[in-house]
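Remember, predicted model here, so these are calculated numbers, not experimental data. FYI, side chains are in, hydrogens and waters are out, and symmetry mates aren't considered; it's all heavy atoms of this structure.
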Amino acid sequence: MKSLSYIILAVAVLLSVSCVDTIKDDTSSPSLSDAPLRFNVDVYPITRSGIDDNFQTSWTAGDAIGVYAVEFGNGLSADNCVISNARLEYNGTEWLLDGASESLWPSDSALDFYAYYPYDESYSDPLDMTFSVASDQSDPSAHNGSDLMLAKVSGVARGAEVSLMFRHVLSLVDVTYPSLASGNDDIDVFLYDMAPDVRVDLSSATVAPGQADGTDVQMYLYAENEDSYVYRAWVPSQVVDAGTPVFMYRYFDFMDRYDTDLDEDLALDGGSVAVLSSVFPSYIPVTYIKAGSFLMGTPESEDGHSSREIQHNVTISEDFYMGTYEITNSQYAEFLNATGVIDPGGDAAEVHADVEGYGDCAIFQKSEYWNVMFDSSLEKWLPVEGREEYPVSFVTWYGTKAFADWAGAELPTEAQWEYACRAGTETAWSFGDDHSVISQYAWCDENSDGGPSPVGTKLPNPWGLYDMHGNLYEWCSDWFDNDYGIEDLTSETSVTDPTGPDPGMYKVIRGGSWLNYWYYCRSGYRNVYFPNYVSDLAGFRVVFKTK
């Protein structure tokens with residue numbers, strides 16, 4: 001396949017032409033026996049401010065070019081070709097026509113040559129060919145095969161070398177993203193709503209807009225560097241209007257996100273590179289949790305067991321994704337900016353927003369030490385400097401629901417939370433019954449420094465979830481009831497996908513916090529807050545459905 005790079009690369013090649021139905025059979029004339037057909041193939045560099053090693057074009061085995069030829073001055077049409085859509089394939093050392101090893105000039109006259117890449121055997125009219133880029137260019141061959149190039153040369157004397165200078169006619173979009181600590185194996189990047197096709201006229205070596213509706217074009221991960229990712233895709237020349245996004249992102253094959261709308265039009269010019277930079281929006285690393293059954297609550301023999309932790313059988317009937325980490329200040333700031341939440345002023349003011357199903361609610365309280373603040377000069381919310389990867393705190397239950405709604409997620413039910421926290425264990429903590437090692441897994445009273453710590457800095461539980469014990473309490477979706485909202489609860493009770501009682505006074509919080517000792521960080525420990533309560537002890541994580 002053709003590797004992408006756009007420095008001029010001259011390749012002198014011998015094109016072998018045999019007597020096939022795409023070439024007029026003139027070989028009966030002895031005068032042609034000493035007139036070989038030879039080609040020199042070059043590529044113009046794609047237009048950009050500088051050319052470097054990341055933008056070069058070279059041919060690799062399997063690349064194929066389509067060639068037409070007419071007698072000099074006749075004008076190209078479907079009816080007068082002496083060479084008609086011949087397939088010229090590179091085998092790594094030379095170019096061959098349908099596998100032939102020799103090529104002879106197909107006419108006594110000088111010829112005009114027209115060529116295109118990539119080859120398509122279906123083309124019959126060189127004046128009206130429709131070319132479409134691949135909607136999925138994540139594979140190198142599909143990406144390279146979307147690089148439409150055209151060439152034309154006139155008046156080549158019989159037996160002279162045919163010099164074809166190819167030029168790129170589509171736009172290459174090249175975008176760089178900073179690396180993510182968690183990697184990007186589960187991110188697909190798309191160009192959003194792109195016109196995918198053009199109509200090609202080989203006689204003038206030009207293209208015109210096609211007729212197909214816009215489509216999302218999946219990009220090729222061209223380079224994965226230590227500090228960045230580079231994605232690329234070919235698309236026809238077009239203008240992306242202001243007020244629309246350029247990129248769409250699919251996380252974990254189910255969660256779609258879009259970048260910020262453009263402030264002004266973006267012109268994607270044919271034959272040029274659009275060099276862009278961006279960030280992955282609202283990226284929430286998640287862990288896949290398979291459905292199953294477990295004992296919810298705690299045995300009476302467990303230290304700290306209480307009457308509101310009655311052990312019973314629970315089945316989680318559907319797989320789900322749970323946030324690998326607690327939601328951070330950076331992620332919460334992105335939500336505030338994306339939804340246009342207004343700053344009320346003040347360094348410790350309550351911030352309000354409209355929450356679906358609840359109307360205007362306090363969603364969090366600003367803290368110049370721990371969470372996010374509004375920068376009036378930039379007119380945007382920003383994490384407190386140095387606290388970007390700390391879990392967001394001082395957030396109400398309503399503020400967690402608003403975030404989840406925006407992210408296309410949900411707050412975990414209490415049952416989902418404990419199921420994921422236990423990760424198949426029945427011990428007091430997911431790491432066992434010995435609380436003397438809790439500091440290896442949790443930020444709690446014995447190792448915290450007067451507040452929460454960055455997410456993911458202690459050991460995970462057996463299913464790869466971090467900070468399920470300690471750091472911050474985590475809001476759940478359930479209203480609180482001593483018996484989990486289950487009527488006549490006993491140790492023999494079995495339920496499926498419980499969601500708690502009807503609306504009540506308190507919302508459930510789970511997991512313990514940086515201020516608590518081991519007792520409060522147990523897998524089965526339950527606590528409560530008023531839903532509008534804010535605390536430096538409470539944060540949250542979210543879950544996503546798999547369907």
Side-chain angles (χ1 to χ4, degrees), residues 176-184 225-229 249 257 259-260 263 277-285 323-353 362-396 398-400 402-404 406-407 442-445 447-458 466-467 470-475 511 513-515 533-542:
T176 300
Y177 297 90
S179 295
L180 295 168
S182 57
N184 77 325
N225 305 314
E226 183 176 347
D227 60 352
S228 65
Y229 308 120
Y249 308 88
R257 294 285 178 268
D259 69 342
T260 305
D263 293 329
S277 61
S278 189
V279 295
F280 293 118
S282 55
Y283 178 71
I284 303 172
T324 306
Y325 310 99
E326 295 166 324
I327 296 300
T328 65
N329 289 324
S330 292
Q331 292 166 331
Y332 206 75
E334 186 178 0
F335 149 69
L336 297 172
N337 291 321
T339 55
V341 173
I342 297 173
D343 174 39
D347 290 339
E350 278 191 348
V351 178
H352 282 243
I363 60 172
F364 79 103
Q365 180 179 324
K366 291 193 292 183
S367 168
E368 59 183 322
Y369 303 106
W370 291 113
N371 55 25
V372 297
M373 300 293 287
F374 191 79
D375 188 317
S376 56
S377 63
L378 298 176
E379 297 186 345
K380 64 188 300 185
W381 293 94
L382 295 174
V384 172
E385 186 175 358
R387 307 291 189 185
E388 292 84 358
E389 297 307 309
Y390 280 61
V392 64
S393 57
F394 293 97
V395 60
T396 68
Y398 300 110
T400 68
F403 179 98
W406 167 74
W443 291 106
C444 55
D445 70 319
N447 61 0
S448 63
D449 187 21
S453 296
V455 301
T457 51
K458 290 296 182 181
Y466 292 81
D467 300 311
N471 213 11
L472 289 181
Y473 275 114
E474 298 178 13
W475 290 103
S513 77
W514 59 267
L515 184 64
Y533 185 68
V534 294
S535 170
D536 60 351
L537 305 183
F540 70 109
R541 72 181 74 214
V542 293

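- Rounded to the nearest 0.5 angstrom, Q331 CD and E388 CD are separated by 12.5 Å.
- The two residues G456 and Y466 have their closest heavy-atom pair at CA-CD2, 3.6 Å.
- Other residues, nucleotides and ligands place no more than 12 heavy atoms under 6.0 Å from the CD1 atom of I342.
- Just one residue in the list F394, F335, W475, Y332 forms a ring-ring contact (aromatic ring centres under 6.0 Å, His included) with F364, and that residue is Y332.
- For residues 326-353, every residue pair satisfying the salt bridge (Lys or Arg N to Asp or Glu O under 4.0 Å) rule, not counting sequence neighbours, is listed here: D343-K366.
- Taking CH2 from W370 and OG from S393, the interatomic distance works out to 7.5 Å, rounded to the nearest 0.5 Å.
- Checked against side chain to side chain contact (heavy atoms under 4.5 Å, CB included), L537 has the following partners two or more places apart in sequence or in another chain: Y473, S513, W514, L515, Y529, S535.
- Minimum heavy-atom separation, V455 to N471: CA-ND2, 4.4 Å.
- A distance of 13.0 Å separates CG of N371 from OH of Y390, quoted to the nearest 0.5 Å.
- In this structure, P344 and V351 approach most closely via the heavy-atom pair CD-CG2, 3.9 Å.
- Under the rule for a side chain to side chain donor-acceptor pair (under 3.5 Å), the partners of N225 that lie at least two apart in sequence or sit in another chain are S228.
- With sequence neighbours excluded, no residue forms a side chain to side chain donor-acceptor pair (under 3.5 Å) with D467.
- Of the inter-residue distances, the one linking L336 atom CG with F403 atom CZ reads 9.5 Å to the nearest 0.5 angstrom.
- The minimum heavy-atom distance between W406 and S282, with the atom names listed, is CH2-CB, 3.3 Å.
- Under 3.5 Å, the side chains of Y177 and Y283 contain no donor-acceptor pair of N or O atoms.
- E474 meets the salt bridge (charged side-chain N to carboxylate O under 4.0 Å, His left out) test with R541; sequence neighbours excluded.
- Here the closest non-hydrogen pair linking P452 and L472 is CB-CD2, 4.1 Å.
- You'll find the side chain of I284 reaches within 4.5 Å of the side chain of I327, heavy atoms only.
- Taking each heavy atom of L180 and Y229 in turn, the nearest pair found is N-OH, 3.6 Å.
- In this structure, CH2 in W381 is found 12.0 Å from CG in N329, a value given to the nearest 0.5 Å.
- At distances below 3.5 Å, at least one donor-acceptor pair connects side-chain atoms of S179 with backbone N or O atoms of E226.
- Rounded to the nearest 0.5 angstrom, N337 CG and F374 CZ are separated by 7.5 Å.
- Looking at S448, its side chain never comes within 3.5 Å of a backbone N or O of G451 through a donor-acceptor pair.
- For residues 376-387, no pair satisfies salt bridge (Lys or Arg N to Asp or Glu O under 4.0 Å), with sequence neighbours left out.
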